[in-house]
Each structure stands twice: as C-alpha cells, then as structure tokens.
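Below is one structure, written out as structure tokens; comments come after it.
When a ligand or atom number is given, it counts from 1 through the structure's own listing order. Hydrogens, waters and symmetry mates play no part in the numbers below; they use all other heavy atoms, side chains included.
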Amino acid sequence: MNTRNPIRLERDQLLALLEQGEVPSQLLTLCELTGDLSPARRWSSYITGASPWEHRFPPDIAQQIRGQLATVLLTADPDAEPDTPLVDALIDHAIGSPIPPAEHPMLHKEMGLTEAGEVTWTAERPARAAAFKVVVIGAGLSGIAAARRFHRLGIDVEVIEKSDASGGTWHHNTYPGCGVDIASHYFSYSFARNPRWSRYYAKQPEILSYLRDCVTEEGLNDRISYNTEVLDASWQGQHQVWRVTTRTSDGEVRHVRANVVISAVGLLDRPSIPSFPGLADFGGPAFHAAEWDHSVSLDDKRVALIGTGASGNQIGPAIAPTVQHLTVFQRTAHWMAGVNNYALDVTDGEKWLLEHVPAYERWFRVRTLLSQNDTMRPAQVVDPSWDATDGSISAENAQMREELTQYIVDELGDRQDLLPQVLPGYPPFSKRMLRDNGWYRMLRRDNVALACSHNLRFESDAIIDDDGVRHPVDAAVFATGFEASKMLASFSLYGRDGASIRDAWGDDDPRAYLGVAVPGFPNFFIMYGPNTNIGSGGSIIAQTENWSRYIADLVKTMVEEDLAVAEVTQQACDTYNRSLDDRLSQMVWSVTPAGTWYRNAAGRVTTNMPWTSFEYWAMTQQVDLDAFDLTRANTTTLSQTALA
Ligand code: NAP
C-alpha cells in the first residue's frame with residue numbers, strides 16, 4: 001500500500017474503480033486537478049451529450065484519461081480549491097456544446113462552488129431580526145429548504161407539519177415501486193449534495209432518509225411542530241401580522257402570530273379518488289396510492305389498479321409478480337420513455353469517485369443537471385406552421401412520437417395485439433412523460449389484464465367496465481392522481497380586508513407573481529405555487545432553492561430596512577402573468593386536448609411554468625422591490641427612492 005498518496009489506494013485498485021466511472025466527468029476532473037485545459041481541448045469532442053452514455057471515447061483514449069487521472073489522484077490533493085476561470089472554461093467542454101456564460105453562475109451554485117446561492121445579512125444581523133417570526137406550513141421538500149434559510153439567518157421560524165414526521169410527499173407516498181424519475185445526483189439539495197445514492201434514480205425509502213438527514217444536519221427538528229395542522233391563516237392588517245390557527249392531533253387549538261407566512265404544502269398533497277358509482281358497496285380493501293395501506297397484503301389477491309400515470313406506472317410492475325391477478329384499468333394510454341440507467345445501482349467505482357474526489361462529484365452533478373434540465377423542451381414547443389394529421393405539434397415532436405412508438409413496439413414483444421390500446425393518440429409531452437418502469441413487460445405477464453374504460457362501476461366484488469364486462473377483484477388501488485389545480489385548499493387563507501384566496505382564485509384558477517406572491521395577501525408567499533411546476537425536465541428541489549432564496553431575500557430586506565409589510569402589486573402580478581400566458585401558449589400542454597393535471601377545469605395551464613429552469617432561476621435571484629408595496633411599521637407606504 002502506498003501510504004504517501006492521499007487516497008490510500010494502489011494504482012491498480014484505483015484504475016479498477018475508475019473503470020466504473022463516467023469518462024466525460026473523469027476528463028473534466030483531470031483538467032481541473034491539473035489546471036490544464038489541453039486534455040479537454042483534445043478529447044471533449046468525443047462527448048456527445050450530458051447523460052453518462054452520451055460519448056464516443058475510443059477505448060484507448062478512455063484508458064489514457066483514466067491512467068492520467070489515476071496518476072494525479074495518487075499524488076494531488078483531491079480537495080484542492082477549484083479555479084473558477086478554469087471551471088468556466090471546462091463547463092463549455094462538459095456536454096459537447098458550449099453553455100451560455102449567463103448560465104454558469106447557476107451551475108456554480110449547483111456544484112457548491114459559490115455561496116452566492118445563500119442569503120446572508122448585508123452586515124451584522126440586525127437586532128430587530130430577533131422579533132421577526134416566520135411560519136412555514138409543511139415540512140416537505142419546500143418547507144425544509146425554507147426553514148433552513150431562516151434558521152441560518154437567525155430568524156425565528158416555526159414549521160407547522162400535519163404529519164408526525166418530515167418528508168412531505170416522500171413521507172406520504174410509500175407505495176410499492178415508489179421512487180424518483182429525476183436523476184438522484186441532481187434530485188438533491190445543492191447544499192446537501194449526496195455522493196452515496198445507491199441508485200441513479202433512488203427509491204422512496206432512500207430519498208426519505210436523505211431528507212430526514214438534511215433536517216437533522218441543519219438542526220431543524222426543533223423548529224418543526226409535528227402532528228399540527230393549520231386550520232386557517234388570516235392577515236391582521238391593523239397589527240401587520242398573520243394570525244395562524246393550528247390544531248394538534250390531540251385537538252389542542254393554538255393561535256400563532258407571524259410576520260410572514262409561507263405555504264410549503266406542495267402541489268400534489270391532496271389525493272383524488274373519483275366518485276365511482278358503487279364504490280361505497282365495494283367489499284374489499286381500496287386505497288389511494290398516496291395512502292397505501294401496508295396492513296393489507298395484496299399477495300394472492302385479484303387486484304385492480306386504476307390509473308396509469310406516474311404512480312400507476314411504478315405500482316403495476318412492482319406488484320404484478322406477487323399478486324394473484326392484476327387488472328389494469330386504463331382510461332388513456334400514456335407515453336413513456338426508457339432510460340438506460342433508470343433501474344441501475346450506482347457502481348462501486350462511481351460511488352467511490354463521488355465520495356472521495358470532490359471535483360468528480362461536481363462534474364458528475366453538473367452533467368446530471370444538464371442531462372435533465374429542459375431536455376424535453378425542443379419537442380414541446382408548438383411550431384405554428386406544422387401541419388400533421390397525427391396530432392404532433394412540430395417536427396421534433398413527430399420524431400419523438402416515432403421513437404417512442406418504436407419503443408412500445410419493441411417492449412411489447414409477442415403481445416403486439418396490445419399496441420392499439422397502449423399507443424397514445426395525442427402528441428408526446430401533452431401529459432407528463434413517464435419513465436418506463438417495465439410497464440409493457442408487465443402487460444405481457446399471464447396474470448395481468450388490461451381493461452380500457454372511461455367509466456367504471458363498482459360492485460361488492462367486481463368492477464364493471466364500459467362494455468359491461470365484469471372484472472372480479474378483491475382489492476382496488478387508486479393511482480388516480482391529486483387535486484393539483486385547487487391550490488392552497490388544505491387550509492383557509494384570508495388576506496387584506498378578510499378576502500379569501502378562493503375569492504381571488506376561485507376553485508382552480510390560481511395566479512401569482514413568479515408563482516410566489518399574490519396581490520391582497522401581504523407577507524404571504526407560496527412555494528410550489530401557480531405555474532412553477534417543471535414540465536420540461538429538471539429538479540423540483542432546485543425550484544425549492546429558488547423559491548426559498550427569493551422569499552428569504554425579501555424577508556432579509558424587510559428586516560434590514562425595518563419594513564413591516566411587503567405586498568406584491570396587482571400591476572406586477574398582471575404584467576408577469578401576461579408574459580407567462582404568452583409563453584405558455586407556445587407549449588404543447590396548452591394546445592392539445594389530452595387530459596392532464598397541468599390544466600384546470602377551464603383548460604388553462606395552472607401548474608406548469610413555461611420558462612426554462614435557467615430563466616426561472618434568473619428571475620428569482622434578485623427581488624425587484626418595485627414589484628412590491630412596502631410599508632413601515634407606522635403604515636407609511638414607502639417609495640423605492642426612500643429605500644435606496
Ligand atoms: P396522474 O399522472 O394524474 O395519473 C392519474 C391516472 O388516473 C391517469 O391515468 C388518469 O387517467 C387516471 N384517472 C383519473 N381519474 C380517473 C377516472 N375517473 N377513471 C379512470 N381513470 C382515472 O397521477 P399520478 O400518477 O398520481 O401522478 C401525479 C404526478 O405526481 C405525476 O405527474 C408526477 O409529477 C408526480 N409523481 C412522480 C413520480 C415519479 O417521480 N416517478 C411518481 C408518482 C407521481 P387519464 O390519463 O385518462 O386522465
């Protein structure tokens with residue numbers, strides 16, 4: 001054993017580990033650690049994209065890169081501080097095509113190279129910060145990100161969480177097969193990058209455990225009031241504070257005063273079970289995917305799976321091997337894509353590199369990000385001159401349709417008879433694109449039947465489909481989605497002059513400035529609000545960092561400038577929403593008739609954002625104070641000049 005080398009491995013051992021890592025990230029790591037750009041200049045043309053398999057390195061060149069990297073790792077300090085100009089130069093070699101310089105700071109943040117993503121006091125923490133209180137509703141992905149910001153600023157933050165534990169959607173969704181379909185090395189906070197994911201796309205237990213670790217490491221457990229539900233929040237204009245009414249699971253009601261309230265309740269927090277005729281008479285166990293009843297064994301039962309979206313797509317293949325019989329009730333076929341490393345464990349070599357070579361971890365993360373962000377967008381933007389009988393919306397979309405169709409044909413194998421039923425009749429990306437969890441292979445099983453039906457009727461021991469066919473079942477699983485458009489419906493919210501959020505939004509027509517602030521609701525901010533869902537590829541965790549950064553930045557200004565009230569102006573909200581509508585009208589979700597939770601009952605897209613991940617990141621980096629009416633504690637409305 002060479003004890004002088006910093007990583008304490010023999011060269012052969014190291015080479016064996018490197019063999020299992022990603023060559024493009026190794027090339028970038030080599031350049032960063034040597035401070036020499038020439039290997040990237042010479043070889044990065046072999047990189048053809050951001051995914052681990054998107055390169056054409058000839059074996060001898062891969063070997064050279066690994067050999068040189070091994071030499072460096074055996075002698076250099078793997079923790080050396082990276083040189084930013086060099087990193088910027090390397091970013092342009094990272095995926096085979098240059099990346100606009102304006103986007104580099106976002107990548108630096110994701111690589112953990114800058115504190116710029118953090119919100120800090122301009123000078124000393126102002127004394128008045130001690131009297132400021134923030135209430136965050138919900139301890140899921142967003143709530144954790146928000147609580148961390150305020151905790152670090154030394155602002156009193158209380159997270160009110162209905163459940164007995166943190167984790168939000170990853171706490172509630174425990175169904176078989178539950179996992180993420182965004183690559184894990186990007187589906188993690190930039191401030192808590194995790195080199196130890198066991199899979200490239202982690203499953204729910206590991207994600208939940210990661211989130212709980214974040215809560216513990218950030219010291220947030222004491223900040224969370226568990227088993228406590230928010231009943232209502234109402235703005236007390238005369239006192240310039242919110243009054244939040246909470247109730248514990250023991251029935252104890254409490255009123256909390258807060259300067260700022262943040263909703264972090266999520267978008268997919270209220271499961272939806274359609275009111276199927278006869279459901280009340282069904283005799284067997286029946287539950288929603290997000291409320292999985294683990295006391296029920298489905299083994300050896302005849303099970304109905306109703307719904308074939310993202311949840312159904314994971315549940316079906318996970319339970320099919322053990323149930324006696326599975327009937328899949330499909331209302332609409334979904335498009336889905338196969339992803340090379342979706343079901344793979346992270347190799348030992350990769351894990352070792354991620355854990356022991358920080359530069360590799362950074363390059364792997366940034367390439368992972370670039371393999372996810374907005375990758376679907378080219379096939380989602382409507383080409384107004386495109387005229388197609390297959391309902392595609394552009395040449396790229398039509399090509400995608402062709403590729404995905406071929407994928408289905410290949411996966412169906414000897415069950416091509418199912419093709420007419422499983423081939424979607426609408427353009428790809430109209431609904432959320434699914435990752436294939438082995439769906440078509442599941443349909444090929446002897447114990448699985450596909451029933452296509454729009455209207456289902458329940459009897460005590462069966463489900464009746466459109467054609468009157470009776471499907472005997474012992475248990476029913478509803479993977480029928482969530483009430484996404486009816487945002488902020490889990491508690492009552494009353495803003496200025498006692499107006500309810502429902503007065504502003506109706507049942508399902510939510511609008512907000514940047515998706516975060518609503519006129520008439522001072523000092524109230526939303527995480528995962530209207531039109532902030534990523535529909536083109538990206539990480540919702542990155543969004544939680546954007547929202548929390550933006551809100552914390554505004555709160556910081558309020559405290560530093562001794563402002564009691566910040567309320568977004570109607571004008572700012574309207575102007576923002578006009579450009580949002582304009583961009584949305586170009587996206588596939590707005591123009592195709594396929595049903596999707598992206599749209600409300602009137603057909604308007606209320607959940608997805610039309611911006612690229614970079615555009616939204618840029619919009620949320622700095623608060624435009626002109627968009628807000630700002631009021632001091634003495635109720636004097638300030639002009640912006642007064643703040644300057
Ligand atoms: P979903 O994608 O909205 O799917 C709901 C399914 O239920 C659809 O197949 C829908 O059919 C069907 N359905 C609804 N009402 C019905 C009725 N009355 N009769 C028969 N079928 C009915 O919901 P989800 O699967 O819960 O997923 C929601 C979102 O959660 C996803 O889009 C995703 O953002 C997130 N999610 C992500 C993951 C992941 O990362 N892998 C996993 C689960 C969930 P139609 O298609 O005809 O409407």
Please verify the inter-ring angle class for [X] with [Y]; under 30° counts as parallel, over 60° as perpendicular, anything in between as tilted.
| X | Y | result |
| --- | --- | --- |
| Phe364 | Tyr200 | tilted |
| Tyr576 | Tyr513 | perpendicular |
| His471 | Phe329 | perpendicular |
| Phe478 | Phe276 | parallel |

May I ask you to check whether Tyr175 and His288 place their ring centres under 6.0 Å from each other?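 No.
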
Under 4.0 Å to a heavy atom of [X] - the qualifying atoms of ligand 1, by number:
| X | value |
| --- | --- |
| Asp181 | 39 (C), 40 (O), 41 (N) |
| Gln314 | 41 (N), 42 (C) |
| Phe482 | 26 (O) |
| Pro274 | 15 (N), 16 (C), 17 (C), 18 (N) |
| Thr308 | 6 (C), 8 (C), 9 (O) |

Identified side chain to side chain donor-acceptor pair (under 3.5 Å) counterpart of Ser190 within the set Glu110, Glu545, Arg365: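 The side chain to side chain donor-acceptor pair (under 3.5 Å) with Ser190 is passed solely by Glu545 among Glu110, Glu545, Arg365.
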
State, to 0.1 Å, how close Ile315 and Ala289 come at their nearest heavy-atom pair, and which atoms those are.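 Scanning both residues, the minimum pair turns out to be CD1-CB, 3.5 Å.
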
Grab the two heavy atoms, one from Leu268 and one from Ala484, that are nearest each other, plus how far apart they are.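 Heavy atoms of Leu268 and Ala484 come nearest at CD2-CB, 3.9 Å.
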
What do we get for [X] next to ligand 1 when only non-hydrogen atoms under 4.0 Å count, side chain, backbone, both or neither?
| X | value |
| --- | --- |
| Arg435 | neither |
| Ala310 | both |
| Leu268 | side chain |

Below 4.0 Å from ligand 1: does a non-hydrogen atom of [X] turn up there or not?
| X | result |
| --- | --- |
| Leu456 | no |
| Phe276 | yes |
| Tyr175 | yes |

Exam field: side chain Arg470 to backbone Ile464, donor-acceptor pair closer than 3.5 Å: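 Here the side-chain-to-backbone pair does not exist.
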
Considering only heavy atoms, which of [options] lies nearest to [atom]?
| atom | options | result |
| --- | --- | --- |
| atom 22 (C) of ligand 1 | Gln330, His334, Arg331, Gln204 | Arg331 |
| atom 5 (C) of ligand 1 | Gly307, Ala479, Ala290 | Ala479 |
| atom 26 (O) of ligand 1 | Ser311, Gly179, Gly312, Gly309 | Ser311 |

Do me a favour and list the nearest non-hydrogen protein atom to [atom] with residue, atom name and distance?
| atom | value |
| --- | --- |
| atom 33 (C) of ligand 1 | Arg432 NE, 3.2 Å |
| atom 46 (O) of ligand 1 | Lys431 NZ, 2.6 Å |
| atom 28 (C) of ligand 1 | Trp597 NE1, 3.8 Å |
| atom 23 (O) of ligand 1 | Gly481 CA, 3.2 Å |
| atom 47 (O) of ligand 1 | Thr332 OG1, 2.4 Å |

So, regarding Ile306 and ligand 1 (criterion: nitrogen or oxygen to nitrogen or oxygen, under 3.5 Å), is there a contact or not?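 No, there is no polar N/O contact under 3.5 Å.
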
Distance-only side-chain donor-acceptor flag, Tyr616 / Trp547, under 3.5 Å: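 The criterion, which ignores hydrogens and geometry beyond distance, is satisfied for Trp547 and Tyr616.
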
Give a yes/no verdict on a cation-pi contact between Arg148 and Phe191, requiring under 6.0 Å between NZ or CZ and the six-membered ring centre and an angle within 45° of the axis.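 Yes, Arg148 lies over the aromatic ring of Phe191.
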
Would Tyr342 and Asn437 count as a side chain to side chain donor-acceptor pair (under 3.5 Å) if you check the C-alpha gap in whole Å, the side-chain angles of each, and the deciding distance to 0.1 Å? CA-CA 8 Å; Tyr342 179 65; Asn437 286 273; 2.8 Å; yes

